[in-house]
Asks: 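Got a structure for you, written out below as C-alpha cells; questions coming shortly.
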2 protein chains.
Amino acid sequence: MGNQKLYKGSLQTIILKLLEENDKMYGYEITQRVKELTNGELQITEGALYPALHKLEADGLLDVEVAMVDNRLRKYYKLTENGTKETVSRLAEMEEFLRTMQTIVNPKFA
Amino acid sequence: MGNQKLYKGSLQTIILKLLEENDKMYGYEITQRVKELTNGELQITEGALYPALHKLEADGLLDVEVAMVDNRLRKYYKLTENGTKETVSRLAEMEEFLRTMQTIVNPKFA
DNA sequence: CTAACATACATAAGAAAATTATGTATATAT
DNA sequence: ATATATACATAATTTTCTTATGTATGTTAG
C-alpha cells in the first residue's frame with residue numbers, strides 16, 4: 001500500500017469498510033476507490049491487496065464471484081454474514097485506535 | 001505493544017512524541033506513561049520497546065545516558081538535534097494518517 | 001520468610017503484513 | 001510501436017511486532 005508504514009495493519013479494515021458501503025467490489029476497483037477517497041494519499045499495492053483479499057475469503061469474511069467484463073477477468077467480493085458482523089467490530093476497534101492515537105499525539109484535542 | 005495490530009508502525013512515533021514533551025525518559029517509564037495516557041488501552045511490550053529504542057539510537061535520533069537509581073540501571077534517552085527535526089515530520093505524517101483513516105472509516109466527519 | 005509483583009534492562013524465535021519485483025493478458029491512446 | 005490502463009497473481013525480502021525467555025534488584029502481602 002502507500003509509502004508509510006503507519007497503514008500497516010489497517011488494510012483489512014479498509015477493505016471491509018468499502019464492502020460494507022458498496023455491497024460488491026473487485027480488487028482493482030478497491031485500489032481506485034481508495035486512491036480517490038484519500039486524494040492519492042493512500043495507494044494500495046497489488047502485492048498487499050490480493051493476498052489480503054484471499055485471506056479474508058479464507059477466513060470466511062468474504063465471498064467471491066467471478067465475472068468477465070470487456071473480455072477481462074474480474075473477481076467480485078462481497079461480505080458474508082460473518083463478514084458483516086466482523087466489519088462492525090473491526091470498525092469499532094479502528095475508531096478506538098484513532099481516538100487513542102489522537103490522545104497521544106495531540107493531547108489537547110482528546 | 002497492545003493486542004491490536006493497528007498500532008503496528010506507530011511505536012517509533014509514539015516514543016519520539018513523548019521525548020519531545022519530556023526531554024528525557026527511560027524505557028520502563030515510557031511503557032508506564034503510555035499505559036497511563038491511554039487508560040491501559042495500549043501496553044507497549046519490552047520485546048517491541050527496547051529494539052525500537054536501539055534502532056532510533058542507531059539512526060541518530062536519540063542519545064542515551066546511563067544512570068544508577070536505587071541500585072538499578074536506567075538508560076535515559078533524549079532527542080538529538082536530528083531527532084527533534086524528525087519528530088516534527090513524523091508527527092505531521094501521523095496526523096495526516098489519522099485524518100485519512102477518519103475519512104475512510106467515517107466519511108461524514110471528514 | 002518467602003512468594004509474588006514491580007522495576008529495569010535485554011535478546012531470540014517466530015508470525016504477520018507489508019514492499020518490491022516479477023509474471024500473464026487484454027485494451028486503449030500516443 | 002510503445003506506454004499506460006485494466007485485472008489478476010505470486011515469490012523473495014524486509015519491517016515490525018508477539019511471545020518467550022533471561023538477568024537482577026526492591027517491595028509488599030500472606
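Chain letters run A, B, ... following the sequence lines, proteins first, then strands; residues in each count from 1.
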Asks: Return no unless some side-chain N or O of A:K5 is found under 4.0 Å from OP1 or OP2 of D:dT16.
Replies: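 Yes, such a contact exists.
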Asks: Distance check needed: C:dC5 P versus B:K35 NZ, whole Å only.
Replies: 13 Å
Asks: Give the B/S/- string for nucleotides 23-30 of chain C, one per nucleotide from 5' to 3', where a protein heavy atom under 4.0 Å of the base yields B, of only the sugar-phosphate yields S, and otherwise -.
Replies: ---BS---
Asks: Strictly by modelled atom types, are B:E41 and B:Y7 linked by a side-chain donor-acceptor pair under 3.5 Å?
Replies: yes
Asks: If the cut-off is 4.0 Å, is A:Y26 near the phosphate of D:dA7, judged by side-chain N/O to OP1 or OP2?
Replies: yes
Asks: According to side-chain hydrogen bond (donor to acceptor under 3.5 Å, both in side chains), who are the partners of A:D59, at least two apart in sequence or on a separate chain?
Replies: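 In terms of side-chain hydrogen bond (donor to acceptor under 3.5 Å, both in side chains), with neighbours along the sequence ignored, A:D59 is linked to A:K55.
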Asks: Can you pull out every side-chain hydrogen bond (donor to acceptor under 3.5 Å, both in side chains) where at least one residue sits in residues 29-40 of chain A? Sequence neighbours excluded, please.
Replies: A:N22-A:R33
Asks: Taking any heavy-atom pair under 4.0 Å as a contact, classify A:G27: base, sugar-phosphate, or nothing.
Replies: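 The answer is sugar-phosphate, as A:G27 gets under 4.0 Å only of primed atoms, P, OP1 or OP2.
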Asks: If I take atom NZ in residue B:K55 and atom P in nucleotide D:dT16, what distance separates them, rounded to the nearest angstrom?
Replies: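 Distance, rounded to whole Å: 6 Å.
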Asks: What integer distance in Å separates B:L53:CG from C:dC9:P?
Replies: 8 Å
Asks: Nearest heavy atom decides the nucleotide; on that basis, is A:L73 or A:P51 closer to the 5' end of DNA chain D?
Replies: A:L73
Asks: Only distances under 3.5 Å count here; give the side-chain donor-acceptor pairs of residues 80-90 of chain A to other protein atoms, sequence neighbours excluded, each with its distance to 0.1 Å.
Replies:
{"unit_1": "A:T80", "atom_1": "OG1", "unit_2": "A:G60", "atom_2": "O", "d": "2.7"}
{"unit_1": "A:T80", "atom_1": "OG1", "unit_2": "A:L61", "atom_2": "O", "d": "3.2"}
{"unit_1": "A:T80", "atom_1": "OG1", "unit_2": "A:N82", "atom_2": "N", "d": "3.4"}
{"unit_1": "A:T80", "atom_1": "OG1", "unit_2": "A:G83", "atom_2": "N", "d": "2.9"}
{"unit_1": "A:T84", "atom_1": "OG1", "unit_2": "A:T80", "atom_2": "O", "d": "3.0"}
{"unit_1": "A:E86", "atom_1": "OE2", "unit_2": "A:R90", "atom_2": "NE", "d": "2.7"}
{"unit_1": "A:T87", "atom_1": "OG1", "unit_2": "A:G83", "atom_2": "O", "d": "2.6"}
{"unit_1": "A:S89", "atom_1": "OG", "unit_2": "A:E86", "atom_2": "O", "d": "3.3"}
{"unit_1": "A:R90", "atom_1": "NH1", "unit_2": "A:Q12", "atom_2": "OE1", "d": "2.9"}
{"unit_1": "A:R90", "atom_1": "NH2", "unit_2": "A:Q12", "atom_2": "OE1", "d": "3.4"}

Asks: Looking at A:H54, does any N or O in its side chain come under 4.0 Å of the phosphate oxygens OP1/OP2 on D:dT10?
Replies: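 Yes, because at least one side-chain N or O of A:H54 sits under 4.0 Å from OP1 or OP2 of D:dT10.
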Asks: For residues 64-89 of chain B, which residue pairs qualify under ring pair (Phe, Tyr, Trp, His ring centres under 6.0 Å), counting only residues two or more places apart or in two chains?
Replies: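 Checked against ring pair (Phe, Tyr, Trp, His ring centres under 6.0 Å) - neighbours excluded - the pairs reaching residues 64-89 of chain B are B:Y26-B:Y76.
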Asks: Taking CG from A:L11 and P from C:dA17, how many angstroms apart are they, rounded to a whole number?
Replies: 10 Å
Asks: With a cut-off of less than 4.0 Å, is there a side-chain N or O of A:Y50 near OP1 or OP2 of D:dT10?
Replies: no
Asks: Please give, in whole Å, the distance from C:dA8 C1' to B:M25 CE?
Replies: 14 Å
Asks: Using every non-hydrogen atom in the two residues, find where B:A52 and B:L11 come nearest and quote the distance to one decimal.
Replies: CB-CD2, 3.8 Å
Asks: Quick one: B:I44 CD1 to D:dT19 P, roughly how many Å, whole number?
Replies: 15 Å
Asks: Can you name the residues that form a salt bridge (Lys or Arg N to Asp or Glu O under 4.0 Å) with A:E96, not counting sequence neighbours?
Replies: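 With neighbours one apart ignored, the set is A:R99.
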Asks: Round to a whole Å and report the spacing from CG of B:L56 to P of D:dC17.
Replies: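 My rounded result for the distance is 10 Å.
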Asks: Can you tell me the distance, in whole Å, between the OH atom of B:Y77 and the P atom of C:dA8?
Replies: 14 Å
